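Read the structure below first, then the notes.
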Amino acid sequence: MFIASASVKLSGLPRVVEELHGRLGFPEAMIPWLAAIQFACLAVFIFPRAAVLGGVLLTGYLGGAVAALVRIGDPPVVPVVVALLIWSALTLREPTLRRLTPWRRHPPA
């Protein structure tokens, strides 16, 4: 999903430019930078040893999407759901994160 999103930003399609520049208010010159940041965050997330850092970076990127949507009055459902999916996947993949979850199973006393 992130690869497709970043690729569309790099494509320069008029519909994408209108959405990001016209509706959300990002400068046109910033659109390729948004794609580059998205690719960089995803690259960090893919490497297992840096996955948690990648999750933090992707969450920050999605936080910007939430802020942009809230600013124009749209509900930020998609970025919030994607962030929840990222952290759910990380929790399942990383034993250290599983130990931090409040729903962990305690052995019987």
Side-chain angles (χ1 to χ4, degrees):
M1 184 174 105
F2 281 103
I3 292 172
S5 174
S7 298
V8 167
K9 286 178 182 75
L10 288 176
S11 71
L13 293 172
R15 181 175 176 210
V16 175
V17 172
E18 173 56 33
E19 174 74 16
L20 291 171
H21 176 64
R23 190 161 163 258
L24 293 174
F26 288 103
E28 277 189 59
M30 185 60 73
I31 295 173
W33 286 103
L34 290 173
I37 292 168
Q38 201 169 3
F39 275 131
C41 294
L42 183 61
V44 174
F45 180 72
I46 289 173
F47 290 106
R49 292 188 71 178
V52 175
L53 174 61
V56 170
L57 293 173
L58 285 172
T59 304
Y61 184 87
L62 291 168
V66 168
L69 290 172
V70 167
R71 187 182 66 77
I72 65 167
D74 280 1
V77 175
V78 172
V80 169
V81 168
V82 171
L84 289 172
L85 289 173
I86 287 170
W87 283 100
S88 297
L90 274 174
T91 302
L92 291 173
R93 189 166 108 178
E94 293 292 326
T96 54
L97 289 177
R98 279 197 301 271
R99 284 187 289 225
L100 297 173
T101 57
W103 55 82
R104 63 181 176 222
R105 189 179 304 228
H106 295 286

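These numbers come from a predicted model, not from an experiment. Positions are given from 1, in the same order as the sequence printed here.
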- prompt: With ILVMFWY side chains joined below 4.5 Å, transitively, what does V44's cluster contain besides itself?
  reply: L53, L57
message: Are the side chains of P75 and L69 in contact, using a 4.5 Å heavy-atom criterion?
response: no
- prompt: Under the side chain to side chain contact (heavy atoms under 4.5 Å, CB included) criterion, do V56 and W87 qualify, and how do the steps go?
  reply: CA-CA 9 Å; V56 170; W87 283 100; 3.9 Å; yes
message: To the closest 0.5 Å, what do you measure between CG (L34) and CG (L24)?
response: 10.0 Å
message: Assigning hydrophobic clusters by single linkage (Ile, Leu, Val, Met, Phe, Trp, Tyr; side-chain heavy-atom cutoff under 4.5 Å), is I46 placed with V82?
response: yes
task: Keeping the roles fixed (side chain from S5, backbone from M1), state whether a donor-acceptor pair exists under 3.5 Å.
output: no
- prompt: Taking a hydrophobic cluster as the set of Ile, Leu, Val, Met, Phe, Trp and Tyr residues connected by side-chain heavy atoms closer than 4.5 Å, whether directly or through intermediates, do I3 and L58 fall within one such cluster?
  reply: yes
- request: Working to the nearest 0.5 Å, report the span between NZ of K9 and CD of E19.
  value: 10.0 Å
- request: Give a yes or no on this: more than 12 heavy atoms of other residues, nucleotides or ligands lie within 6.0 Å of atom CD1 of I72.
  value: yes
task: Could you tell me which residues satisfy salt bridge (charged side-chain N to carboxylate O under 4.0 Å, His left out) with E94, sequence neighbours excluded, listed by chain and number?
output: none
- request: Give a yes or no on whether the backbone of V8 and the side-chain of S11 come within a donor-acceptor separation of less than 3.5 Å.
  value: yes
message: Same cluster or not: W33 versus V17, using hydrophobic residues (I, L, V, M, F, W, Y) connected whenever any side-chain heavy atoms lie under 4.5 Å apart?
response: yes
task: Flag this pair as yes if the NZ/CZ of R93 is under 6.0 angstrom from the six-membered ring centre of F45 and inside a 45 degree cone about the axis; otherwise no.
output: yes
- prompt: Where do L62 and I86 land on the side chain to side chain contact (heavy atoms under 4.5 Å, CB included) test, with the steps shown first?
  reply: CA-CA 11 Å; L62 291 168; I86 287 170; 3.8 Å; yes
- prompt: Quick one: CD1 on I37 to CG on L42, what's the gap to the nearest 0.5 Å?
  reply: 13.5 Å
same_hphob_cluster(M30, Y61) at 4.5 Å side-chain heavy-atom cutoff: yes
- line: In terms of heavy-atom contacts, A35 and L10 come closest through CB-CG, 3.6 Å
Non-hydrogen side-chain atoms of L97 and L92 separated by less than 4.5 Å: no
message: According to a hydrophobic-cluster definition based on side-chain heavy atoms being under 4.5 Å apart (Ile, Leu, Val, Met, Phe, Trp, Tyr only), do F2 and V78 belong together?
response: yes
